[in-house]
Amino acid sequence: MNHSCKPNVMLSSDDTVHAEVVALRNILPGEEILVSYLRTSALETKNERSEKIKTNWKFECNCELCGLQVEEQNKNDQQRIEVRNTLINIDKFFDEVWRTPSVLPEVVRPLIKSFFVLAEVTLQILCSELAGQSDAALVSTYLKMAELVAFAESEKFRTALTSKYTPVELMSLAKGQATLMGKMFISNCKTTERELRELHEEFG
């Protein structure tokens, strides 16, 4: 299969032996099947993608994304960086709270609130401007939002959020998207469900 930075299929696996080809959208008769040789969840910029493709596969990508006009490309790159940084920073926040469970609630509460707002912005970008470019990041965002809401609902870190969803509802959205994408993403959802149970046990 040939490469595209905006593929219509992906390879999904939850082990190192088997993989499945999963369609990311409806594919028209006669349309070429395209897969990304890169991890779309990494949300790399054009230059980052181009460098990896040239280094590893010795060709220059001329796909739909890489063919954007300069202004559109710059906007796309900036949105990718924004989303990527938000998801990385939320993970760092989770790691810090789990690593230091004695952290004071008054320190954690404003961070829960600010990261949830950033996650909402990220979700909006992924569903609009970056739609179809990183379905993996969409699943990841739903999962992180579920965990943020769970922290906000815990006895220790009780925080008022603007969320209209419960952790269960956000998990349902994540699993709905993951089911379309294969076993690897379903496995990611199961991991987060386990973490939510542990969060409830640890923080109430």
Side-chain angles (χ1 to χ4, degrees), residues 3-8 10 24-25 34-55 61-98 107-152 159-165 167 169-171 173-174 176-178 180-181 184-185 188-189 191-192 195:
H3 165 83
S4 172
C5 296
K6 188 179 180 181
N8 51 22
M10 70 176 298
L24 296 173
R25 59 175 175 77
L34 297 167
V35 67
S36 177
Y37 297 170
L38 306 171
R39 288 173 54 248
T40 58
S41 59
L43 291 160
E44 293 161 311
T45 64
K46 180 183 178 180
N47 287 341
E48 291 168 339
R49 299 194 308 271
S50 179
E51 183 177 345
K52 282 190 177 180
I53 289 169
K54 287 178 181 177
T55 299
C61 183
N62 295 303
C63 73
E64 176 186 348
L65 278 184
C66 292
L68 292 173
Q69 296 299 310
V70 174
E71 186 175 337
E72 291 177 306
Q73 189 68 69
N74 289 339
K75 180 181 179 183
N76 186 269
D77 284 349
Q78 187 56 48
Q79 289 171 329
R80 285 168 166 265
I81 291 169
E82 180 181 344
V83 169
R84 181 172 69 193
N85 287 343
T86 293
L87 297 179
I88 288 172
N89 288 331
I90 291 174
D91 274 336
K92 288 180 178 178
F93 165 68
F94 289 155
D95 289 344
E96 185 62 29
V97 175
W98 281 109
V107 173
V108 173
R109 288 186 186 116
L111 293 173
I112 293 173
K113 186 171 291 189
S114 62
F115 278 126
F116 187 80
V117 171
L118 289 172
E120 287 185 310
V121 172
T122 291
L123 182 63
Q124 189 275 327
I125 293 173
L126 287 169
C127 290
S128 53
E129 288 93 339
L130 298 185
Q133 297 181 35
S134 184
D135 291 336
L138 185 59
V139 173
S140 179
T141 301
Y142 281 132
L143 295 177
K144 293 182 198 315
M145 290 176 74
E147 193 162 349
L148 285 167
V149 175
F151 269 114
T159 308
L161 296 179
T162 57
S163 177
K164 59 182 178 181
Y165 298 111
E169 290 169 332
L170 286 162
M171 285 302 308
L173 290 169
Q177 183 67 38
L180 302 175
M181 298 170 63
M184 177 173 65
F185 298 93
N188 292 344
C189 291
T191 297
T192 299
E195 291 171 347

Where do Leu68 and Lys46 land on the side-chain contact (heavy atoms from CB on, under 4.5 Å) test, with the steps shown first?
CA-CA 10 Å; Leu68 292 173; Lys46 180 183 178 180; over 6 Å; no
Test log, rule side chain to side chain donor-acceptor pair (under 3.5 Å), inputs Glu51 and Thr55: CA-CA 6 Å; Glu51 183 177 345; Thr55 299; 5.3 Å; no
_If you apply the rule side-chain contact (heavy atoms from CB on, under 4.5 Å), what do you find for Met171 with Cys189, and how did you get there?_
CA-CA 7 Å; Met171 285 302 308; Cys189 291; 4.2 Å; yes
**Audit row: Phe185, Leu180, side-chain contact (heavy atoms from CB on, under 4.5 Å) steps and yes/no** = CA-CA 9 Å; Phe185 298 93; Leu180 302 175; over 6 Å; no
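Here CG of Leu24 is found 5.0 Å from CG of Asp135. Values are rounded to the nearest 0.5 Å. Separating the OG atom in Ser134 from the CE atom in Met10 is a distance of 9.0 Å, to the nearest 0.5 Å. Here CD of Glu147 is found 9.0 Å from CZ of Phe93. Values are rounded to the nearest 0.5 Å. Remark: Thr122 OG1 to Ile125 CD1 distance equals 5.5 Å, nearest 0.5 Å. We find the CD-NZ distance between Gln79 and Lys75 to be 5.5 Å, quoted to the nearest 0.5 Å.
In this view, Thr191 satisfies the side chain to side chain donor-acceptor pair (under 3.5 Å) rule with no residue, not counting sequence neighbours.
Within the 3.5 Å criterion, the main-chain N or O of Gln124 finds a donor-acceptor partner in the side chain of Ser128. A donor-acceptor contact shorter than 3.5 Å links the side chain of Thr141 to the backbone of Ala137.
Looking at every heavy atom in both residues, Cys61 comes nearest to Cys66 through O-CB, 3.6 Å. Contact between Lys6 and Ala131 at its shortest, heavy atoms only, is CE-O, 3.9 Å. Between Arg49 and Cys5, the shortest heavy-atom contact is NE-SG, 3.1 Å. Considering all non-hydrogen atoms of both residues, Ala178 and Val139 come closest at N-CG2, 4.0 Å. Scanning all heavy atoms of the two residues, the minimum distance from Leu143 to Ala174 falls at CD2-CB, 3.5 Å. Contact detail for Leu148 and Leu161: the closest heavy-atom pair is O-CD1, 4.3 Å.
The side-chain heavy atoms of Tyr165 and Leu173, taken from C-beta on, include a pair separated by under 4.5 Å. Using a 4.5 Å cut-off on side-chain heavy atoms (C-beta onward), Thr192 and Glu195 make contact. Counting heavy atoms from C-beta on, the side chains of Asn74 and Gln78 never come closer than 4.5 Å. Contact check for Tyr37 versus Ile53: no side-chain heavy atoms found under the 4.5 Å cut-off. At least one side-chain heavy atom of Asn76 sits less than 4.5 Å from a side-chain heavy atom of Leu130. You'll find the side chain of Glu48 stays beyond 4.5 Å of the side chain of Leu38, heavy atoms only.
Paired with Glu44 under the rule salt bridge (charged side-chain N to carboxylate O under 4.0 Å, His left out), one option of Arg39, Arg80, Lys52 passes, and it is Lys52. Of the candidates Ile81, Asn85, Thr86, Leu87, Val83 forms a side-chain contact (heavy atoms from CB on, under 4.5 Å) with just one, namely Leu87. For the side-chain contact (heavy atoms from CB on, under 4.5 Å) test with Gln133, the passing option among Thr40, Leu65, Leu138, Leu43 is Leu65; the others fail.
The aromatic rings of Phe94 and Phe151 lie parallel to each other, with less than 30° between the two planes, well short of the 60° mark.
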